[in-house]
Amino acid sequence: MVTGRYIAFEGAEGCGKSTHAARLATTLGAVLTRETGGTAIGQRIRDILHDTSVTNLSHRAEALLTAADRAQHIEQVVAPALAGGRHVVSDRTVYSALAYQGYGRGLPPQEVRQINEWAVNGLWPELVLFLDAPTHVLEQRMQGRQLDRFEQEGDDFHQRVRDGFHEMARAEPDRWVVIDASNDPEAVARAVRAAVQRYLGI
Ligand code: TMP
């Protein structure tokens, strides 16, 4: 059976993921989607997760909400597209949960992985494009924007998330590519395209 390829974009807020995910999806003729909020149900979950008036959400509940978004997204969008032979480019995936709820919030990454194993039902991205830049560079890019519940977190949180992404990239070099997102957008786009060709041959 011919199936499409499943490609993840990961990185901190302001790294340019959404722009580059859209660009790659157009180049490949892929389905462009995202977590959280890639489905109508997921959008409602996202509204809770991003709402700055939500001040008492427990870390475990937050992890389960992102996993619920993901379970719906995989079943409704990702799995059918891949089975139909379409490539899928996703702006964030399960790896964001490991980075944000695991490394960022301090839940044991192995436990976050376990609940997400169940949520994704075996469907992990084949290639992870991690757009990386120093936290202070990204903060500058975010200036003047209205910040959501995650973006309002302090530097320590964002540094732990970044360190978490790096640790996962080191652990799985056959699946992860780290791309310098402080470069100009054309250079980033070229690096993305080259990585997809090299790792997936498409
Ligand atoms: P974004 O889609 O605008 O990048 O914002 C999504 C936010 O949600 C971002 O701050 C990371 C966070 N997030 C998690 O904490 N866990 C997850 O599993 C996902 C997908 C996103």
Side-chain angles (χ1 to χ4, degrees), residues 6-25 32-52 54-55 57-78 88-121 123-125 128-133 135 137-139 141-165 168 179 181:
Y6 180 20
I7 302 168
F9 276 82
E10 297 287 355
E13 299 83 359
C15 71
K17 268 180 308 86
S18 306
T19 307
H20 289 289
R23 228 171 131 159
L24 179 67
L32 173 66
T33 187
R34 71 171 185 180
E35 288 179 6
T36 53
T39 63
I41 288 169
Q43 186 56 54
R44 292 167 75 174
I45 296 173
R46 183 182 170 96
D47 289 344
I48 298 172
L49 288 166
H50 283 231
D51 187 345
T52 51
V54 173
T55 52
L57 185 62
S58 83
H59 292 169
R60 283 173 184 246
E62 182 181 281
L64 289 167
L65 285 173
T66 70
D69 165 86
R70 181 161 301 116
Q72 184 69 30
H73 180 234
I74 294 280
E75 190 167 324
Q76 189 181 326
V77 178
V78 180
V88 173
V89 174
S90 190
D91 180 353
R92 295 196 186 280
T93 64
V94 60
Y95 290 108
S96 280
L98 301 182
Y100 284 80
Q101 280 64 53
Y103 295 90
R105 296 294 191 211
L107 294 172
Q110 202 46 41
E111 293 179 17
V112 179
R113 187 178 277 271
Q114 267 169 14
I115 60 163
N116 278 285
E117 284 284 5
W118 191 70
V120 303
N121 203 8
L123 214 50
W124 288 72
V128 186
L129 301 161
F130 168 28
L131 302 197
D132 182 47
T135 305
V137 172
L138 300 180
E139 269 170 9
R141 287 189 193 168
M142 303 290 290
Q143 261 171 16
R145 275 177 40 179
Q146 183 149 22
L147 301 181
D148 67 35
R149 208 173 57 83
F150 293 101
E151 290 160 351
Q152 281 184 349
E153 289 292 336
D155 288 355
D156 288 359
F157 176 82
H158 291 289
Q159 193 54 51
R160 286 197 299 278
V161 168
R162 185 179 182 212
D163 292 345
F165 278 133
M168 290 189 279
I179 293 173

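For ligands, and for the atoms within them, numbers begin at 1 and follow the listed sequence.
Judged by the shortest distance from any of its heavy atoms, Arg149 lies outside the 4.0 Å radius around the atoms of ligand 1. Taking a 4.0 Å cut-off on heavy atoms, His50 registers as neighbouring ligand 1.
When Arg46, Arg70, Arg92 are each tested for a side-chain hydrogen bond (donor to acceptor under 3.5 Å, both in side chains) with Glu35, only one passes: Arg70.
The aromatic rings of His50 and Phe150 sit perpendicular, their planes meeting at an angle over 60°, well past the 30° parallel limit.
Which of Arg34, Glu35, Arg46 comes nearest to atom 2 (O) of ligand 1 through a heavy atom is settled by distance: it is Arg46. With distances taken over non-hydrogen atoms, the option nearest atom 18 (O) of ligand 1 out of His158, Arg70, Arg92 is Arg70.
Below 4.0 Å from some heavy atom of Lys17 lie the following atoms of ligand 1, by number and element: 4 (O). Each of the atoms 20 (C) of ligand 1 lies under 4.0 Å from some heavy atom of Thr36. Every atom of ligand 1 with a heavy atom of Thr66 under 4.0 Å away is listed here by number and element: 16 (N), 17 (C), 18 (O).
Distance check: Leu57 CG to Ile48 CD1 gives 8.0 Å after rounding to the nearest 0.5 Å.
Summarising the local packing, CD of Gln146 is surrounded by 12 or fewer heavy atoms from other residues, nucleotides or ligands at distances under 6.0 Å.
A donor-acceptor contact shorter than 3.5 Å links the side chain of Arg141 to the backbone of Gly14. Looking at Asp69, its side chain does come within 3.5 Å of a backbone N or O of Gly37 through a donor-acceptor pair.
Annotation: salt bridge (Lys or Arg N to Asp or Glu O under 4.0 Å) contacts of Arg162 (sequence neighbours excluded): Asp132.
Taking any N or O of Phe150, backbone or side chain, none lies under 3.5 Å from an N or O belonging to ligand 1. The distance criterion of under 3.5 Å between nitrogen or oxygen atoms is met by Glu13 with respect to ligand 1. Checking only distances, Gln101 does come within under 3.5 Å of ligand 1, N or O to N or O.
Annotation: atom 19 (C) of ligand 1 to nearest protein heavy atom, Ser96 CB, 3.6 Å.
A donor-acceptor contact closer than 3.5 angstrom links the side chains of Ser96 and Glu10.
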